Structures are given as structure tokens and as C-alpha cells.
Amino acid sequence: MTQFMKKLLIGISSLLVLFLAYSLWNWDSSPPTIQWREAPSAVGKDSQISLEIQDEGKGLQSLEVAWVRSGDRHIVVSETYEAPWSWQQGITRRSLAFSAGTSFAEGSLSEGEFLLEVRVRDQSDLWFWENEIFEQRSFTLDLTAPKIQVLSGQHYIRQGGSEAILYRVSEDTVASGVQVGEHVFRGYPLPERGQGIHVCLFALAHDQAPATDMSLWAKDAAGNRNQTSFWKKGFPVSFRKRNIRLSDSMINAVVAEILAHTDMTQGESTLETFLEINGRLREINHRQIEEISRQSVGHLLWSGAFLQLSHSQVESAFADHRTYYYKSQKVDQQTHLGFDLASVAHGAVESANDGIVVFADYLGIYGNTVLVDHGLGLISLYGHLSSIEVQEGQGITKGAILGRTGQSGLAAGDHLHFSMILQGVQVNPLEWWDERWVDQHILVKAQVATEEGEESSREAADLFDPS
Ligand SMILES: [Zn+2]
């Protein structure tokens, strides 16, 4: 072999090695991936289906999305991308979103099951090798909103008051209830009363106008929503106005107590800290109570009228509008959303009705507090206790001792703060203490007919016959 031949051979083999190394480096071993970001199995007019397509290697070459049903195939998206230079990467990521209403329904797809097919191919490498993936997912297109039928006839409601409505929804309903202005109340099924029959306890807040819009709504799994009006009449209530004079000793005691039990911090002055507690902490506590009332059990746990604290005197009433004065300066205004009931110091506090203890701890302005869930979104609150004698999760009967009165939290003397909350809205306990009102407004609709209750439920059906 000549010297020249040797050199040529070395040259050729090193080129070959270089080429092999390059093509190995260039080798695209990772196929594209499809990630379904939003893919609800039932899709309605406003539902979104979204997916993300990625390719780690040379990038994407093409993608196609189509809906398929019994032989019918309709392309929704079809895209191809230019090949990059061999040392470059092409498009590696593509996000797609479809609105079921416009992407499929207008493409002449009717209601029912269909498949969504996704086919993605990546760019080939030097060996013309390319990866393709194909995925299918099944969906149900549902463009029909649930049906609603109002069964109860009359709904009288006062400002700060409660009411119940009986109605029937079609089988596809997953959530329903009443909307009063911005407040949304959930209804609960009464399966013993019949297919689709629901009851919803709702409230007109103390600060909502008697003419506030109220409607009954229902939603299905595909997000289709229907709403209908019902016969109702709202009544105004004039609440009391009260002036409260803040003394240094009262402010100091309350601030020291609350700072010791919560994560509130000291402000520039004790008065400022007090106002923070009276305003911001009050708000926070009300949101916590709302959260708990939304977890209420789905059936009625109680019967008859609610109890007012035995031998108690009313110190403050529901929705008293309070103006606070400090050294004859007006410093704050708040609405007192409950009753302050005074009996004897450390008097026994009884549960107003049957239920389940859902909170038994310190709760900001309410101090040591017990919350009792009565079902269907209704809870009662017992605040400022000196001691708590029940535990969370405990079932209790009407009149059972929950603890002792006291002045923990934002309180100036030994008393019980009693509130009732319906799905986050504070309601007037006066109605719930009144047996006649409870029967006529709530139980006649919410109670499941028992043998002795048969009569009253038949009466209710007659009374509320919508025809
Ligand atoms: Zn109070």
C-alpha cells in the first residue's frame, strides 16, 4: 500500500466516524407527547377542551385533530410545520384549545358521544426516521340545559330572613339552587319525595333590597345552565340603631385577649388595633363561618323550633346598626349579625336544635365558639364562651349543653352571642325560634314525609300545586 493510499483510508474512515457521530447526535429517539389539559367527559356549549403537544427532538412536523362519530370524520385542526436545518430544532410546543360550542357543534356535530382523534408526527432525522403518535378520547356533547319545575307556590321573605323552595329538576342535573342577588344557595335532593325533587333553603340578606332578583337555577355535568323565576314577595325590615361608647379599659382588655389568641398584630395604637379587630378580623371570621356552612350535610338533622337561651335577656338584636364612639369621636360602624343573650355568668349554653358540632375552638371576634350544623346549609353559632364542653364531629340533640357563657373574644361582659347562618349568609334567629314560622316556611317543604307527616306533605302538595 502506498503512502497515499494509507492517508486516503485514514481520511475516509475519520469522515465515516464523524458522520456516524453526527447522525447519532442527530438521532431523534423521542416521539411527540400529547397532554390533555382540560378534557371533561361531558362537554356543553361553553366547555373547553385543551391539549398541549410537545416534541423534545427535532420538533413537530404535522398535527391533525378531528372528531369522529359512526363513520363521520370532521377535521377540526390540521397543521404542518417547515423542516428546520439539521442542526436546528423546529417547533417543539403547540397548545390547542377548542370550545365545544363553536368547534364541534357548529361543525354539524349533534348531541351524543363522539371521539376526538389527535395525530402528531415529528420531524425526521438524517435517516428519514420520524415518530408518529395517535390518540383517541371519547366525549359526550350535551347542548341541552336541565329542566326545572317549581313545586312550591308562595315564597314570602323578609330582609335578613330565610325561606325554602321545593322544586324538581331533570335527571342530568348535578347542581341546583337559588340565587338571590349575588348570593348563591345550593339545593339538596329529597329522594324519598320523588325523582329529582329538591329543597333549597335560601336567605335575603339584611342589606339586600326586598325587590332583589331571585331565581332558581340548575346545571348539568356539561356546564349547561338553566334558570327560572318563581313567585316571591320580599318585605322590608327596619333594624335598630345603637351607639356604643368605647372605654380604654374595654379596648385594652379586648385587644390583649385577641392578640393572645390570633395572629393579629399590634397596630400603632390600641384603638387602631381594636378597629382592625372590629373590621378586618370580623370579615375574616365571617368568611371562615361561610366556608364551614358550605360543608353542611345534605339532609335535615333537626325538627321543630330552635331554642333561645333559657331565661335570657336580649342585649342586642339581629342586624343592629352600631356606631362606635371613642372619647365622643365617631370611630367605626358595624352591623351586629346575631343576638346577644345574657343570663347568669357562666350559664349553661344549650344547642338550639339537633345537629353535629362542626367547630369547637377559638374563632377571632367570637372567642371560644361552637358551630352546630343542622343540615341543608344551616348552622348555629355560640360565641364568647368561657368553656367548651363538646368536640368537633359530635352529634348533639336539642338542649344539649355545648359550654358555658363568658366574655372571650370581642365582648364587654358575660353573655352568649347567638347567630344563625344559612350558606354563608347571617339570618335572623327570630324566625327560627318561632315554631309556626318554621312549620309554614321550612318544614312543610323540607321535611321528608314520614307516616305521621304524610298528611302535612299532602297538604303541602295541594298548597303548592303550580298548575
Ligand atoms: Zn354579639
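Since the model is a prediction, treat every value here as computed from it, not as a measurement. Throughout, numbering of the chain's residues begins at 1 and tracks the sequence. Just so you know, ligand 1 is whichever comes first in the structure, and atom 1 is the first atom listed for that ligand.
Contact annotation: Glu315 places no N, O or S atom under 2.8 Å from the Zn ion (ligand 1). In summary, His417 places an N/O/S atom under 2.8 Å from the Zn ion (ligand 1), meeting the contact criterion. Residue contacts to the Zn ion (ligand 1): His336 brings an N, O or S atom closer than 2.8 Å.
When ring centroids are compared, Trp231 and Tyr156 come within the 6.0 Å threshold. Between His155 and His441, the distance separating the two ring centers is not shorter than 6.0 angstrom.
Between atom CG of residue Asn368 and atom OG of residue Ser408 there is a gap of 4.0 Å, rounded to the nearest 0.5 Å.
Among heteroatoms of the N, O or S kind in Asp340, OD1 lies nearest the Zn ion (ligand 1).
Residue Lys219 qualifies as open at atom NZ: its count of foreign heavy atoms under 6.0 Å is 12 or below.
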